[in-house]
Amino acid sequence: MVKKMTCVACPIGCQLEVVLDDENTVVSVAGNSCKRGITYAESEVTNPTRSLTSTVKLIGGIRPVVSVKSALPFPKNMMLDAMKIINETEIKAPVSIGDKAIKNILDTGIDIIVTSRDKGKQQ
Amino acid sequence: MQFDVAVIGAGVIGALAARELSKYDIEVALLEKGNDIALGATKANSGIVHAGFDAEIGSNKAVMNVRGAALMESVCKELDVPYRNNGSLVLAFTTDDIGALEKLKEKGEKNGVKDLKILSAQELLTLEKNINENAVGALRAPTAGIVCPYELAIAATENAVSNGVEFIRNCEVFSIKDEGDIFTLLTSIGDIKAKYIVNAAGGYADKVAGMIGDNSIKLTARHGDYYLLDKTAGEIVAHTIFQCPTKMGKGALLSPTVDGNLIVGPSAVDIDDPCDTATTFEGLNFILKSVKKSVPTISERNIITSFSGNRAHSDTGDFILGKSEANSRFINAAGIESPGLSAAPAIAEYIESILKDEIKDIKLNQNYNPIRPEKVRFAHLNTKQRKALCAKNKAYGRIICRCETVTEGEIIDAIKSPAGAVDVDGVKRRTRAGMGRCQGGFCGSKVVEILARELSVPVNEITKFGGGSKIIYEKTKKGKKQYGKN
Amino acid sequence: MEKIDLVVIGGGPAGMAAALKAKERGVKSVTILERAGTLGGILEQCIHAGFGLHYFKEELTGPEYAARFAALIENSDIEVKLDTMVLGISWDNTVTAANKEDGILEIKAKAIVLAMGCRERPRGALSIAGTRPTGVMTAGQAQEYINLEGYMVGKTVVILGSGDIGLIMARRMTLEGAKVKMVCELMPYSGGLTRNIVQCLDDFDIPLRFNCTVVEVHGKERLSGVTVQYVDENFTPIAGTEEYIECDTLLLSVGLIPENELSKQAGIELDKVTGGPVVNEIRQTSREGIFACGNVLQVHDLVDYVTEESNIAADGAADFILGRQAVNPEYIEPLCGEGVRYIVPQRVNINSGKDIKLYFRASNVFDNASIVMSVDDKEVYKKRKVKVTPGEMENVTLSADIGKQIKKDSKLTLSIRA
């Protein structure tokens, strides 16, 4: 099978043609201008990951929501499932950068952590 | 609800008429089908006080225009509405045009317009250096001016309400029954009774007249597109600039506005739906091309917004004013297209004069005050005045709209004023928050927040202009579960 | 009236970096005037990752990048005035501002750093025909509502403009449950980063149409749809290619404009191309003692470069305050040759004796291009680049060595050759 993708390792954006065998292993990569293209293609084929960012509901905060991210690159195909958990999550102010909003989301071993500060509404 | 007079339509005509009637000790209602004042032709026109040389001699348009223009300055002064007597020029590009200008001048003089003068190309260029060099002359009318039309209507309504008029918004009239000495108006908020009706329903005045069996009015919606340019272009001309009408039609005008912007337009296309105010590609192209004939250096780069409005054009070509032939307790002010804004104070005065004679034993309202209290315009104040203002009320220290320098205090004033703002556009028309070059990009969400707070409604209930024009939907996050640190 | 050394107007990434750098250089009193309720500027709502790769060598989100500077400011004696809007700068460098607490403030400064950022081009400036319903907003407005206020702005979305904010918002809207139907781009290429096209559009199968624009807006109260149409090389819509797309939201990502109303009013000379002040290599504007950095000077694509630029401006301001100005400066204006849209700084002191980085943007997409610097038509420097696009800011160094070859009447030209 041939998979087409755009390499994002640098701004050139090479159009890669990745040939895969039946077990989804990379046989060859064409169209890349450097070695990074091959690494990129391999990771995209075997375990594509993205940085997942969103917000969660904040109770008692200056703002009604607080921004969060996956502490590590997150499996691409699980992002929309993760959003369901994120949407039903709430945490209490005060919050600081790095606080865990969700531990080990979807058993990925990855935490969803807070990325901004909210001291909370003054009582 | 029972009133002596129900004025239908809170455009500039209805608002000024209601204000005139508030001089008397009678019950007056101002009914508006929309969420605010000035939502029809009043909010989308050129904002020009015409001198009065254009209308046919002896027509309602001519008489009311000249009288209205004479009244305008004092009305604006009473109501604290910006008005500027900037004068107008009609440009001539050919010798034929000069001939036409001479005829216009003659007509104007017969209409009673003062100080009309035909300028040579030389005189024209000394007055306006950015005018096309190909212009061969111009008709100058020093009595012409500019005014903010929606501010005039809003101010008149505020003043009317302060003097006892009831302003009822979201009140659409569906039908009218006459019981001999009293009308019953079936409206979207229930029945309203009134002895007299003033029909100032703008583009719908024909339909409203039809409700009492007066089918004599035939209106067409004449659609006009406009561009508004940034204040950096506001001084490209000082006068309002028209082009001499030719066989090819009327060109677009350009004019400074009282707020310092430049307005360009309108196009003129007859359409079916008086409510259809979608701008058109063709119309916008036309006005830009046309106006470049007057001032070639106008740049598209300075455009900050485009909009359009529909003028109510009567098949008689004239304003339809006075008692309906079908019912003498029903007063028409219909077919109010250009020069309707200029004529508005005179039309209001005329309606007052009819009802004054009609209503028996009418007494003056002893508490009538023609003055609308001066409102805070932070942008126009100097540092000393600003300091004093902030010391009195902290809300004037918080700038909400950066482009137009509008403070939180002014927005609260606009919401709390009589017949105050209830939506984002209402705040915009009263304070200019969101009128500037970023068009509410920065202040929009803050205006929504202040409206929600002052009106005690949830943020996502706030609309741009009533009805279904909500700005935001539900909350993104429902929450409920805790998976984290707490 | 309060008298201080440095007033920084704006507490976003540019203002924060400038204030910190000035402090580090020994400037005694520094005040930041910020119109929002927090420091951080636009970064507060840019909750996506991708910031700091150059400057911190790690990938941060916008709020995290901002927090690193905000924390340093909190631990310094830099005075920060939040919710404070600057109203004017007088001829003697007195800054007038307003806030609820102090009312009207007047601060006389030895030097001023302008760091007001930029704003988005609104719909009005595009002259799209049609109605004026709700549901049409800039991508940044939507970003603020969703990321900071926690409100959704729409359910079915068309995005006009493929700049980074437009692309980022396509992903944000999708993740938050909206259906993004397409992104239209007037140009034949995207103004955004390749990575964003892949991770914000391709990942979610969102189509990107080049040479295509929105020509009409429909709907009375709420947006009901838009008409999109392809355009020719002159950006004129091609008849017969109209297509109606049903949607309740149109997001605009059609350009950023440096916010220079204050600069204009202060009589500062502006560059017609960048929309920002004309500055020299220390980022001093045409008014002595007034410096500029960040998006108010030129629209950046990477915040890392904003920080870099702010450090330069703060150095300049510190030198000015501490009385260490350049002696006998002689200025030339680097010229934009073929393929170069603009260069910042616009003026360079040829007697500075230092390496000076020239930042510039290409006017088109170039593959395998050479970036060439020449003095009086003689090539003095050349660098190869596999790809140069208008979306990414480039830079070359005018080294002190090359600087020596330049005379006051020399012509220094930067060009891109395919």
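Letters A, B, ... are given to chains in the order of the sequence lines, protein chains preceding strands, and every chain is numbered from 1. A quick note: this is a predicted structure, and the numbers were derived from the prediction, not measured.
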J.: So which of B:C403, B:A278, B:C390 has the largest heavy-atom pair count under 4.5 angstrom toward chain C?
T.: B:A278
J.: Side chain, backbone, both or neither: which part of B:V448 has an atom under 4.5 Å from a heavy atom of chain C?
T.: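 For B:V448, the contact with chain C is made by the side chain alone.
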J.: Counting only heavy atoms from other residues, nucleotides and ligands, does the tally under 6.0 Å from NZ of C:K264 exceed 12?
T.: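 More than 12 within 6.0 Å, yes.
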J.: If you count heavy-atom pairs under 4.5 Å with chain B, which of C:L105, C:L126, C:T131 comes out on top?
T.: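 Ranked by contacts with chain B, first place is C:T131.
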J.: Between B:R437, B:Q439, B:E449, which shows the greatest number of heavy-atom pairs under 4.5 Å with chain C?
T.: B:R437
J.: Any idea which of C:K155, C:E144, C:M152, C:M85 has the most non-hydrogen atom pairs under 4.5 angstrom with chain B?
T.: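 If we count pairs closer than 4.5 Å to chain B, C:M152 comes out on top.
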J.: Do C:L87 and B:I399 come within less than 4.5 Å of each other through their side chains, counting heavy atoms only?
T.: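 Of all side-chain heavy-atom pairs linking B:I399 with C:L87, at least one is under 4.5 Å.
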J.: Of the backbone (N, CA, C, O) and the side chain (C-beta and beyond), which part of C:R35 lies under 4.5 Å from a heavy atom of chain B, both, or neither?
T.: side chain
J.: Determine the option with the most heavy-atom pairs under 4.5 angstrom with chain C, choosing from B:S445, B:G467, B:S306.
T.: B:S445
J.: Kindly give the heavy-atom pair with the smallest separation between C:R222 and B:K470, and that separation in Å.
T.: NH1-O, 3.2 Å
J.: Is the number of heavy atoms from other residues, nucleotides or ligands within 6.0 Å of CD (B:E235) greater than 12?
T.: no
J.: Could you tell me which portion of B:Y227 (side chain, backbone, both or neither) has an atom closer than 4.5 angstrom to a non-hydrogen atom of chain C?
T.: side chain
J.: Quick check: are there more than 12 heavy atoms from other residues, nucleotides or ligands sitting under 6.0 Å from CD of C:E101?
T.: no
J.: Taking only Lys NZ, Arg NE, NH1 and NH2, and the carboxylate oxygens of Asp or Glu, determine whether C:K220 and B:D273 approach each other closer than 4.0 Å.
T.: yes
J.: Could you state the interatomic distance from CD (C:E216) to OG1 (B:T280), rounded to the nearest 0.5 Å?
T.: 8.5 Å
J.: Step through the shown structure and confirm whether more than 12 heavy atoms of other residues, nucleotides or ligands are within 6.0 Å of NZ on B:K481.
T.: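 No, NZ of B:K481 has 12 or fewer neighbouring heavy atoms, counting only those of other groups under 6.0 Å.
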J.: Is there a donor in the side chain of B:T476 and an acceptor in the side chain of C:E176, or the other way round, less than 3.5 Å apart?
T.: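 Not at all, the side chains of B:T476 and C:E176 share no donor-acceptor pair under 3.5 Å.
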J.: Rounded at 0.5 Å granularity, tell me how far CD in C:E261 sits from OG1 in B:T232.
T.: 9.0 Å
J.: Does B:S469 reach the main-chain N or O of C:T134 with its side chain, forming a donor-acceptor pair under 3.5 Å?
T.: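 No, because the side chain of B:S469 does not come within donor-acceptor range (under 3.5 Å) of the backbone of C:T134.
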J.: Tell me if the CZ atom of B:F281 is crowded by more than 12 foreign heavy atoms within 6.0 Å.
T.: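 Not more than 12 within 6.0 Å, no.
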J.: More than 12 foreign heavy atoms under 6.0 Å from NZ of B:K478: is that the case here?
T.: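 Check passes, neighbour count above 12.
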J.: Drop me the distance from C:Q141's CD to B:I472's CD1, to the nearest 0.5 angstrom.
T.: 11.5 Å
J.: How many angstroms lie between atom CZ of B:F442 and atom CZ of C:R119, to the nearest 0.5 angstrom?
T.: 7.5 Å
J.: Within a strict 4.5 Å, meaning less than it, do heavy atoms of the B:E408 and C:K100 side chains meet?
T.: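 Counting from C-beta outward, B:E408 and C:K100 do come under 4.5 Å.
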J.: Can you give me the closest heavy-atom contact between B:Y473 and C:Y151, atom names plus distance?
T.: O-CD2, 3.4 Å
J.: Looking at C:G88, C:A98, C:G130, which makes the most heavy-atom pairs under 4.5 Å with chain B?
T.: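 Answer, by heavy-atom pair count under 4.5 Å with chain B: C:G130.
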J.: Under 4.5 Å between any side-chain heavy atoms of C:E149 and B:V459, yes or no?
T.: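 Result no, sub-4.5 Å side-chain heavy-atom pair not found.
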J.: What part of B:I303 lies closer than 4.5 angstrom to a heavy atom of chain C: side chain, backbone, both or neither?
T.: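 Looking at B:I303, backbone and side chain both touch chain C.
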J.: Heavy-atom pairs under 4.5 Å with chain C are the metric here; pick the option from B:R301, B:K475, B:R398 that has the most.
T.: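 Most pairs with chain C among the choices: B:K475.
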J.: Measure the NZ-CG distance between B:K387 and C:D102 for me, rounded to the nearest 0.5 Å.
T.: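 If I round to the nearest 0.5 Å, the distance is 11.5 Å.
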J.: Can you name the closest pair of heavy atoms from B:T279 and C:I128 and give their distance?
T.: OG1-O, 4.0 Å
J.: Quick one: of C:P133, C:G140, C:G219, C:G154, who has the most non-hydrogen atom pairs under 4.5 Å with chain B?
T.: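 Result: the option with the highest number of such pairs is C:G154.
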J.: Quick one: does NZ or CZ of C:R132 land under 6.0 Å from the six-membered ring centre of B:F465, within 45 degrees of the ring axis?
T.: no
J.: Would the number of heavy atoms belonging to other residues, nucleotides or ligands and lying under 6.0 Å from NZ of B:K292 be above 12?
T.: yes
J.: When heavy-atom pairs shorter than 4.5 Å are enumerated against chain B, which of C:A142, C:G103, C:S127 gives the highest number?
T.: C:S127
J.: Side-chain contact test, heavy atoms from C-beta onward, threshold under 4.5 Å: evaluate it for C:E259 versus B:R402 and give yes or no.
T.: yes
J.: Could you report the tightest heavy-atom contact between C:M137 and B:I471, atom names first, then the distance?
T.: CE-O, 4.1 Å
J.: Heavy atoms only, distances under 4.5 angstrom: which of C:T138, C:T96, C:T249, C:D248 has the most pairs with chain B? Name it, please.
T.: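 Max contact count across the listed options: C:D248.
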J.: How about CG on B:D272, more than 12 heavy atoms from neighbouring residues, nucleotides or ligands closer than 6.0 Å, or not?
T.: no
